[in-house]
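Owing to the predicted nature of the structure, the values given are computational and were not obtained by experimental measurement. For the single chain, residues carry numbers from 1 onward in sequence order.
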Amino acid sequence: MKKILAALFSASFLLSPMIVSQASADDYRRPPVVQKRVIVEKKVIRPHWKKGYRVNASERRRFSDVNDYRRYRLAPPPRGYRWVRADNDYLLISVTSGIISSIITVR
């Protein structure tokens with residue numbers, strides 16, 4: 001029994017370099033692995049619409065007034081305020097100071 005184990009043990013030492021060389025030869029035959037990088041760019045539209053934010057005059061020129069606020073299911077604006085549409089948001093802003101008092105986002 002000891003002779004059989006000794007023969008198997010010595011055969012494993014003799015065969016291991018051949019197996020390793022075959023594995024390294026297979027590495028050269030494989031095509032190179034190409035890793036693709038995917039870059040996702042997010043477009044953020046006006047993340048700063050917050051209650052209490054002051055809208056300057058140049059930004060106010062880009063807004064469109066919402067005169068028929070009932071059509072968009074908006075509450076009637078209080079005196080001194082008006083509804084405007086900015087991108088996909090409806091803003092209730094003060095006429096004199098331009099401070100946002102309410103924001104409704106439509107998606």
Side-chain angles (χ1 to χ4, degrees):
M1 184 73 161
K2 289 182 182 179
K3 290 182 182 180
I4 295 172
L5 287 175
L8 289 173
F9 190 66
S10 62
S12 69
F13 277 119
L14 294 174
L15 294 177
S16 62
M18 287 189 277
I19 293 171
V20 171
S21 66
Q22 183 63 32
S24 64
D26 287 343
D27 290 341
Y28 293 111
R29 290 185 215 141
R30 292 185 194 144
V33 177
V34 178
Q35 295 180 355
K36 295 182 181 179
R37 289 188 176 187
V38 177
I39 299 173
V40 177
E41 293 182 14
K42 294 183 178 180
K43 185 177 179 183
V44 179
I45 302 172
R46 297 291 176 198
H48 64 272
W49 297 142
K50 294 181 183 173
K51 193 172 181 179
Y53 177 76
R54 181 182 215 118
V55 181
N56 58 24
S58 64
E59 288 178 327
R60 276 190 260 176
R61 281 187 224 120
R62 295 185 314 115
F63 298 158
S64 60
D65 288 340
V66 178
N67 294 327
D68 52 347
Y69 50 87
R70 288 185 189 93
R71 177 179 173 198
Y72 302 105
R73 297 182 181 170
L74 300 171
R79 181 176 293 220
Y81 288 86
R82 65 182 172 139
W83 284 106
V84 294
R85 184 172 182 171
D87 301 326
N88 285 334
D89 300 331
Y90 292 100
L91 308 173
L92 182 64
I93 63 171
S94 172
V95 174
T96 56
S97 64
I99 295 176
I100 299 173
S101 66
S102 179
I103 304 167
I104 296 179
T105 303
V106 178
R107 296 215 170 157

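- Under the 4.5 Å side-chain contact rule for hydrophobic residues, V84 and V95 do not share a cluster.
- Interatomic distance, W49 CH2 to I93 CD1, rounded to the nearest 0.5 Å: 9.0 Å.
- Between atom CG of residue L91 and atom OH of residue Y53 there is a gap of 11.0 Å, rounded to the nearest 0.5 Å.
- Under the 3.5 Å distance criterion, the side-chain polar atoms of S94 are left unmatched by any main-chain donor or acceptor of I99.
- Two residues are said to be in side-chain contact when any heavy atoms from C-beta on lie closer than 4.5 Å; V66 and P77 fail this criterion.
- With W83 as the partner, the side chain to side chain contact (heavy atoms under 4.5 Å, CB included) test is satisfied by one option alone out of Y90, F63, Y72: Y90.
- Residue I100 holds its CD1 atom at 11.5 Å from OH of Y81, rounded to the nearest 0.5 Å.
- Within a 6.0 Å radius of CZ in R54, no more than 12 heavy atoms belonging to other residues, nucleotides or ligands are found.
- Side-chain N or O atoms of R60 include one that pairs as donor or acceptor with a backbone N or O of V55 at under 3.5 Å.
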